[in-house]
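Accompanying notes for the structure given below.
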Amino acid sequence: MMLLGRLTRYQATIQQFEQTWGCTLEEMRSRYEMQGQENFEADDEYLEWQWYADAVEIVQAQLATIVAR
């Protein structure tokens, strides 16, 4: 149950990022890599967004392992 709670919270945070920036993480990554100037707010948000995306993948892998047992 704890993993499901984390997954839900992480996914909700990702949705907030998508609404705030009006794009997906992949689109944000393209913007992030194309920018010639530094935008510290965007940098921080992008890195945090990426962390949550990675965390979702980890939790989903953990859940898949539990289900497979």
Side-chain angles (χ1 to χ4, degrees):
M1 290 302 263
M2 288 177 62
L3 288 176
L4 291 175
R6 286 183 191 163
L7 182 61
T8 301
R9 188 177 32 185
Y10 296 162
Q11 290 171 332
T13 302
I14 289 170
Q15 284 180 331
Q16 288 176 335
F17 281 122
E18 289 173 349
Q19 289 175 356
T20 300
W21 290 95
C23 63
T24 64
L25 177 59
E26 290 77 24
E27 294 167 339
M28 181 64 160
R29 184 176 296 118
S30 294
R31 290 182 195 176
Y32 180 77
E33 292 172 353
M34 287 180 50
Q35 285 183 326
Q37 297 179 330
E38 287 197 49
N39 179 338
F40 294 112
E41 179 186 1
D43 292 351
D44 290 345
E45 295 250 333
Y46 169 73
L47 293 173
E48 186 176 353
W49 194 346
Q50 183 63 57
W51 184 91
Y52 279 104
D54 292 343
V56 164
E57 290 180 19
I58 291 168
V59 171
Q60 287 174 334
Q62 291 171 335
L63 288 170
T65 301
I66 291 170
V67 170
R69 289 183 182 184

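By the neighbour-count criterion of 12 heavy atoms within 6.0 Å, atom CD of Glu41 is sparsely surrounded, having that number or fewer from other residues, nucleotides or ligands.
Note on Val67 and Ile58: separate hydrophobic clusters, where clusters join Ile, Leu, Val, Met, Phe, Trp and Tyr whose side-chain heavy atoms are under 4.5 Å apart, directly or indirectly. Tracing side-chain contacts under 4.5 Å through hydrophobic residues (I, L, V, M, F, W, Y), one never reaches Met2 starting from Val59; they form parts of separate clusters. Phe40 and Leu47 sit in two unconnected hydrophobic clusters of ILVMFWY residues. Membership requires side-chain heavy atoms under 4.5 Å apart, directly or through other members.
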Side-chain donor/acceptor pairs under 3.5 Å, residues 5-18, sequence neighbours excluded:
| from | atom 1 | to | atom 2 | distance (Å) |
| --- | --- | --- | --- | --- |
| Thr8 | OG1 | Leu4 | O | 2.9 |
| Thr13 | OG1 | Arg9 | O | 3.0 |

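Among all heavy-atom pairs drawn from Arg31 and Gly22, the shortest one is NH2-O, 4.1 Å.
Here side-chain hydrogen bond (donor to acceptor under 3.5 Å, both in side chains) pairs that include residues 48-69, with residues two or more places apart or in two chains, are Arg29-Gln50, Gln50-Asp54.
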